[in-house]
Amino acid sequence: MIQLGNYNTLEILRSTSVGLFLGDEEGTEILLPNKYVPDPIEIGEKLTVFCYLDNSERPVSTTLKPYIIRDKFAFLEVIEMSAYGAFMDWGLEKHLLVPFREQRLKMEQGKKYVVRCYLDEQSFRLTASNKLDKFLSNDNISKQINDEVSLLISRKTDLGWEAIIDNEHKGLLFFNDVFKELHIGDALVGYIKNIRADKKIDLSLVPIGQKMLEPIAEFILEKVKTADGFLALHDKSSPEEIKEILQLSKKAFKKGIGTLYRERKITIETNGIRLV
């Protein structure tokens, strides 16, 4: 069955004046307009396309790659406000609607928001929602401590940054665990730091425990190399100075240079660290 809002690999059935007709194994057909037809093509070959409804609400396919697909989250810009809601740019000719009822706060043209794309069961249209919590659940957490996960920063709170975890859970990066500049909409790799009894998930941007040393040591080593072999930071440097230059905590920095020193990749001098 052809799935709207997602990529489908379909067979090229025939070529017409308006484009190619593609079909699935169940006999369902969909048009790929001429402007999206690749060259060359051959009847009977397979083509991967994105399927959605055009401006006339007809199923259509495209070889364009949208910024978001069905049942996923993304950070999109509001292109236009209308009597129906906010229309967002998702990389296709027809904009993606966020109805007023699906806006956590009233959206504004020109601003960007984290939204989820879904298929509205009543209208059978692809729609987006900014009410993220109803699509996320920590009831059955599929992760373990120190698992590597994909994060999408969704909101700034008094405690830290809320993040969507692998499109299914919600977690928090406490400010004390963040040593780099973050913004809503940032997509990055993170780690499960803790799963609390109340099912809340604490996150980290680096692996937990001993696994933390290797990537941080490598990060510091690269910084020393790009600084012509000398970095004016050492174990007596202030936490503020270390954070400003490396976006690391002093504790992480000291562990990192300790690893590099033991591996004889740097020497620690009174005024900084030097590449061996």
Side-chain angles (χ1 to χ4, degrees), residues 1-80 82 84-99 102 112-130 132 135-136 142-143 147-152 164-169 185-190:
M1 185 175 74
I2 294 175
Q3 187 179 45
L4 293 178
N6 216 330
Y7 293 101
N8 296 260
T9 300
L10 307 173
E11 181 182 350
I12 300 176
L13 301 177
R14 62 187 183 277
S15 178
T16 71
S17 60
V18 294
L20 299 179
F21 275 90
L22 313 177
D24 62 9
E25 295 178 353
E26 298 177 3
T28 306
E29 297 186 3
I30 194 167
L31 174 68
L32 177 66
N34 278 323
K35 57 187 171 183
Y36 303 127
V37 174
D39 185 41
I41 61 98
E42 185 175 334
I43 302 300
E45 70 175 313
K46 298 284 188 176
L47 200 59
T48 298
V49 292
F50 180 79
C51 300
Y52 68 113
L53 299 180
D54 65 11
N55 288 315
S56 300
E57 305 299 336
R58 297 171 300 193
V60 70
S61 63
T62 178
T63 50
L64 296 176
K65 296 186 181 298
Y67 306 145
I68 190 173
I69 63 174
R70 179 173 165 181
D71 299 329
K72 302 294 183 182
F73 298 87
F75 191 49
L76 304 180
E77 181 181 354
V78 175
I79 296 299
E80 179 186 2
S82 76
Y84 303 101
F87 284 96
M88 310 195 87
D89 176 17
W90 62 325
L92 304 179
E93 288 185 14
K94 180 186 178 182
H95 295 145
L96 184 63
L97 175 65
V98 185
E102 295 298 333
K112 300 183 76 171
Y113 302 86
V114 176
V115 296
R116 181 180 172 99
C117 177
Y118 68 99
L119 189 68
D120 188 292
E121 294 182 355
Q122 294 183 342
S123 65
F124 204 63
R125 294 188 182 101
L126 291 167
T127 310
S129 175
N130 181 236
L132 309 180
F135 300 102
L136 300 169
S142 59
K143 313 298 176 187
D147 277 358
E148 182 178 299
V149 293
S150 64
L151 303 178
L152 178 64
I164 297 167
I165 305 168
D166 285 347
N167 278 287
E168 56 179 336
H169 304 311
D186 284 352
L188 61 163
V189 172

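Computed from heavy atoms alone, side chains included, the values below leave out hydrogens, waters and symmetry copies. For the single chain, residues carry numbers from 1 onward in sequence order. Quantities reported herein were computed from a predicted structural model and do not represent experimental measurements.
- In this structure, the side chains of Val37 and Leu32 come closer than 4.5 Å at one or more pairs of heavy atoms.
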> Given the rule in the side-chain contact (heavy atoms from CB on, under 4.5 Å) test, do Val78 and Phe87 qualify, once you have shown the distances and angles that lead to the verdict?
Replying inline: CA-CA 6 Å; Val78 175; Phe87 284 96; over 6 Å; no
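- Scanning both residues, Leu96 and Ala128, for their nearest heavy atoms gives CD2-CB, 3.6 Å.
- By the 30° and 60° cut-offs, the orientation of the rings of Phe135 relative to Phe73 is perpendicular.
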>> Checking Asn8 against Ser61 for the side-chain contact (heavy atoms from CB on, under 4.5 Å) test, could you report, in this order, the C-alpha distance in whole Å, the side-chain angles of both residues, the deciding distance, and whether it holds?
In response: CA-CA 9 Å; Asn8 296 260; Ser61 63; over 6 Å; no
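- Put simply, CG on Leu151 and CD1 on Ile165 are 6.5 Å apart, with the number rounded to the nearest 0.5 Å.
- Rounding to the nearest 0.5 Å places CG of Leu97 at 10.5 Å from CD of Glu80.
- Across every non-hydrogen atom of Leu64 and Gly91, the tightest pair is CD1-O, 4.0 Å.
- Scanning all heavy atoms of the two residues, the minimum distance from Leu152 to Gly185 falls at CD1-O, 3.4 Å.
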> Given the rule in the side-chain contact (heavy atoms from CB on, under 4.5 Å) test, do Asp166 and Lys143 qualify, once you have shown the distances and angles that lead to the verdict?
Replying inline: CA-CA 10 Å; Asp166 285 347; Lys143 313 298 176 187; 2.7 Å; yes
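- Residue Phe50 comes nearest to Asn6 through the heavy atom pair CE1-N, 3.4 Å, listed as atom of the first residue, atom of the second, then distance.
- Note: Leu92 CG to Thr62 OG1 = 6.0 Å, rounded to the nearest 0.5 Å.
- Listed here is the closest heavy atom pair of Cys51 and Ile2: SG-CG2, 3.8 Å.
- Checking Glu102 against Thr127 by side-chain atom types alone, no donor-acceptor pair falls below 3.5 Å.
- Between the CD1 atom in Ile30 and the CG atom in Leu4 there is a gap of 6.5 Å [rounded to 0.5 Å].
- The shortest distance between side-chain heavy atoms of Leu47 and Tyr36 does not fall below 4.5 Å.
- Under the 3.5 Å distance criterion, the side-chain polar atoms of Ser82 are matched with a main-chain donor or acceptor of Tyr84.
- Salt-bridge check for Lys94 with Glu57: passed, with a basic side-chain N closer than 4.0 Å to an acidic carboxylate O.
- In this structure, Phe21 CZ and Leu31 CG are separated by 5.0 Å, a value rounded to the nearest 0.5 Å.
- Closest approach of Asp89 and Ile79 over heavy atoms only: CB-CG1, 3.3 Å.
- Residue pairs meeting the side chain to side chain donor-acceptor pair (under 3.5 Å) criterion with at least one partner in residues 14-32, sequence neighbours excluded, are Arg14-Glu29.
- If you take CD on Gln3 and CG on Leu119, they are separated by 8.5 Å, rounding to the nearest 0.5 Å.
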>> Between Val189 and Val149, does the side-chain contact (heavy atoms from CB on, under 4.5 Å) criterion hold? Intermediate values first, please.
In response: CA-CA 6 Å; Val189 172; Val149 293; over 6 Å; no
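- Side-chain contact between Pro66 and Leu76 is absent, with no heavy atoms from C-beta onward closer than 4.5 Å.
- The list of side chain to side chain donor-acceptor pair (under 3.5 Å) pairs with a residue in residues 63-72, not counting sequence neighbours, is empty.
- Each of Ile68, Val114, Val115 was checked for a side chain to side chain contact (heavy atoms under 4.5 Å, CB included) with Phe75, and the lone residue meeting it is Val114.
- The side chain to side chain donor-acceptor pair (under 3.5 Å) pairs that include a residue from residues 40-53 are Thr9-Thr48, where partners are two or more places apart or lie in different chains.
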